[in-house]
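Comments concern the structure below.
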Amino acid sequence: MRWRRTLVILHRDVGYLCLGITLAYAISGVAVNHRQHWDYNFTTDTDPVDVGSPAALLGVAAGAPGELARRQQGALVQRLLAVLGREGQPQRVYWRSPDRLTLVFETGERDVVDYLPSEGRAEQIKRRPRAVFRQLNFLHLNEGKGLWTYVADSYAVALFFMAISGALIVKGKKGLRGRGGLLALGGFGVVLLGLLFYGGLNP
Amino acid sequence: MSTKALSFLSAAALLVWGCDQGGSASQAETPTATAAQPSTHAKTPPCEHGDETEGCDCSEEGTAVTADNVQTITNQEGKTIQLGGQELGNAEPIAIADLAAKADELKGKLVRVEGNVAAMCHHKRSWFTLVGDDQSGSYVRVLTAPAFLVPPGSIGKTARAEGTIDVVEINPATAKHFAERHKLAMPDDGAASAKQVVLRAVGAEFN
């Protein structure tokens, strides 16, 4: 039948059109699917450095580290910057917890130094976007909203078409009436089993 | 493009349009989130980090807010800020360091707190913590869901939030998660469960 030939042509052409976005969504999909294992958008590096107690940094007689750090916070911050080789002042300085003085150089935890007076240790924390994943997730999760919403909706329609047309273009015993039909049933069965097994039928 | 192909595509478009029209009626009964609507909910498992034993407490109500409900505005002082939820009113300001001591007295009361954003839930963005400038290291955890989602990258910014005070119980696994992942000091170390003062936010400004 001619409709089958038309379907093959459309399936092919729509397939090529969707190649880029399918690859993007597939990579992002795996990343987001494992969100319980990792932060799919950012990687956080924490580099601990032994810088010494507040007394050692300030060159004063030893005392209660927390109390000394608070009393001479300004001078302590400048000593920390010097020891860590940091140029420029932090945007903000505050106590994140009773034993953690936080110097924020860039918001979003992109560049933060935590100093723990009781341990004499500084932690240089840098949170960076994961190359490629961050960008693909941005699209996949529609963070930009706006026009991309309609682009993504159109892609969903295209995928729908690809699924239906793909099922119809092969005839005979390898098509829907034969092996293809069995495979399709198996695929639907996986969905049903997933819902049954994980309680998705009545979430 | 042949006539048959055009007919097929038209039929497919009609099918999709028809589904959309039929879906709109049921959406009135089953709320779903769109970018245009304020906080709406979709039920999800309580925690996307995995088992609750891993210490996740991101969404205590077991629901996910799927619309940010955050907008960029110019406040009365002429600053460009991000506003989550409702605009701030005239709630009584309370120092963060005083919250723990006055928790019972303040429970259920609408208050305002102000400070530095020290931590946030990166996965569901359903809470953040505020610490004051008083060097005490005291913090309050501000629960933003269902009112709004914490804007990404908020750690290190200053914020003001209004909401009602509550006291919640934190199990040891969650306390461990807060301490290790978010660097939060937890009260009553080693106790079977710890009590934590929280603010259930109705609105917050970030700058």
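Quantities reported herein were computed from a predicted structural model and do not represent experimental measurements.
Between B:K157 and A:V104 there is no side-chain heavy-atom pair separated by less than 4.5 Å. With contacts defined as side-chain heavy-atom distances shorter than 4.5 Å, the pair A:R35/B:K124 does not qualify.
When the shell of 6.0 Å around CG of A:D13 is examined, it contains more than 12 heavy atoms from other residues, nucleotides or ligands. In B:E87, the CD atom is not crowded: 12 or fewer heavy atoms of neighbouring residues, nucleotides or ligands sit closer than 6.0 Å. Atom CZ of A:R12 has more than 12 heavy atoms from other residues, nucleotides or ligands within 6.0 Å.
The most heavy-atom pairs under 4.5 Å with chain B, out of A:Q91, A:E109, A:E106, come from A:E109.
Tested against A:Y94 for a side-chain contact (heavy atoms from CB on, under 4.5 Å), the candidates B:V131, B:L130, B:V117, B:D134 yield a single pass: B:V131.
For a residue to count as touching a neighbouring chain, one of its non-hydrogen atoms must lie under 4.5 Å from one of that chain's; by this rule B:S138 does not touch chain A. Of the atoms belonging to A:R70, heavy atoms from both backbone and side chain fall under 4.5 Å from chain B. Neither the backbone nor the side chain of A:R110 comes within contact range of chain B; no heavy atom of the residue lies under 4.5 Å from a heavy atom of that chain.
Across every non-hydrogen atom of A:I125 and B:K183, the tightest pair is CD1-CE, 4.4 Å. When every heavy atom of A:S97 is checked against every heavy atom of B:A185, the shortest pair comes out as CB-CB, 4.0 Å.
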Practice task
Verify side chain to side chain contact (heavy atoms under 4.5 Å, CB included) between B:H122 and A:R127, making sure each step is shown before the conclusion.
Solution key: CA-CA 12 Å; B:H122 293 295; A:R127 193 160 179 263; 3.2 Å; yes
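In this structure, a donor-acceptor pair under 3.5 Å is absent between the side chains of A:R96 and B:H182.
To the nearest 0.5 Å, atom CH2 of residue A:W95 and atom CG of residue B:N116 are 13.5 Å apart.
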